[in-house]
Engineer: 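Take this structure first; my questions come after.
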Amino acid sequence: MCCSRLVNMKRASKRYEKAVNYIGYDSSFSDEEKQQAKVLKITCNLSNAACKLKLKEYKQAEKLCSKVLELDKLDIKKALEIDPDNRGVRMEYKLLKEKVREYNKKDAQFYGNIFAKMNKLEQAKSASSMAKQEPAPMVIDSKA
């Protein structure tokens, strides 16, 4: 890469960093402004990551991309709505549904076993407490 382009990439990278730092103080923003700031942070971080890649600073680019993923959680249904013909998104959605189904099945078995064991314990306690109770002797009051 030409020396002047290298300088321009470094300058652009610094400006993206400044922009993200400036937006970082969003405590006084309204909800709408916070959402706009979030979008701007994502855009600046992605652009900065592109600069870092061109500068061959791969670790920095990876960190910036990780920040973007933290800011913008992946919403597979939203991605499917945007591009329903995307084979990769459809496969991920199918895989995710299978994992959720599997998790729910394990969860149901786990709680089913717990409740069954609790029920057995309670029945055993009530049976043992019934066996331990001896009938109280009748007392006859002779004054009556």
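Only a predicted model underlies this, so the values are computations on that prediction, with no experimental measurement involved.
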Engineer: So, using side-chain contact (heavy atoms from CB on, under 4.5 Å) as the criterion, who are the partners of Cys44 when residues are at least two apart?
Structural biologist: Tyr16, Ala19, Val20, Leu40
Engineer: Go through the structure and list residues passing side chain to side chain donor-acceptor pair (under 3.5 Å) with Ser13, not counting sequence neighbours.
Structural biologist: Asn48, Lys52
Engineer: Listing request: all side chain to side chain donor-acceptor pair (under 3.5 Å) pairs with a residue in residues 95-104, at least two apart in sequence or in separate chains.
Structural biologist: none
Engineer: The criterion is side chain to side chain donor-acceptor pair (under 3.5 Å); which residues satisfy it with Arg11, sequence neighbours excluded?
Structural biologist: Asn8
Engineer: Each residue besides Leu53 in its hydrophobic cluster should be listed here, by chain and number; the cluster joins Ile, Leu, Val, Met, Phe, Trp and Tyr at side-chain heavy-atom distances under 4.5 Å.
Structural biologist: Tyr58
Engineer: Is Met9 linked to Leu6 within one hydrophobic cluster, defined over Ile, Leu, Val, Met, Phe, Trp and Tyr using a side-chain heavy-atom separation of less than 4.5 Å?
Structural biologist: yes
Engineer: Using a 3.5 Å distance criterion without hydrogens, assess whether the side chain of Gln60 forms a donor-acceptor pair with backbone atoms of Glu57.
Structural biologist: no
Engineer: If every non-hydrogen atom of Ala37 is compared with every non-hydrogen atom of Ile23, which pair is closest and at what distance?
Structural biologist: CB-CG2, 3.3 Å
Engineer: Supply the atom-to-atom distance Gln36 CD to Phe29 CZ, rounded to the nearest 0.5 angstrom.
Structural biologist: 9.5 Å
Engineer: What distance do Lys106 atom NZ and Gln109 atom CD have between them, rounded to the nearest 0.5 Å?
Structural biologist: 9.0 Å
Engineer: Mind checking side chain to side chain donor-acceptor pair (under 3.5 Å) for Asn21 and listing every partner two or more places apart, or none if nothing turns up?
Structural biologist: none
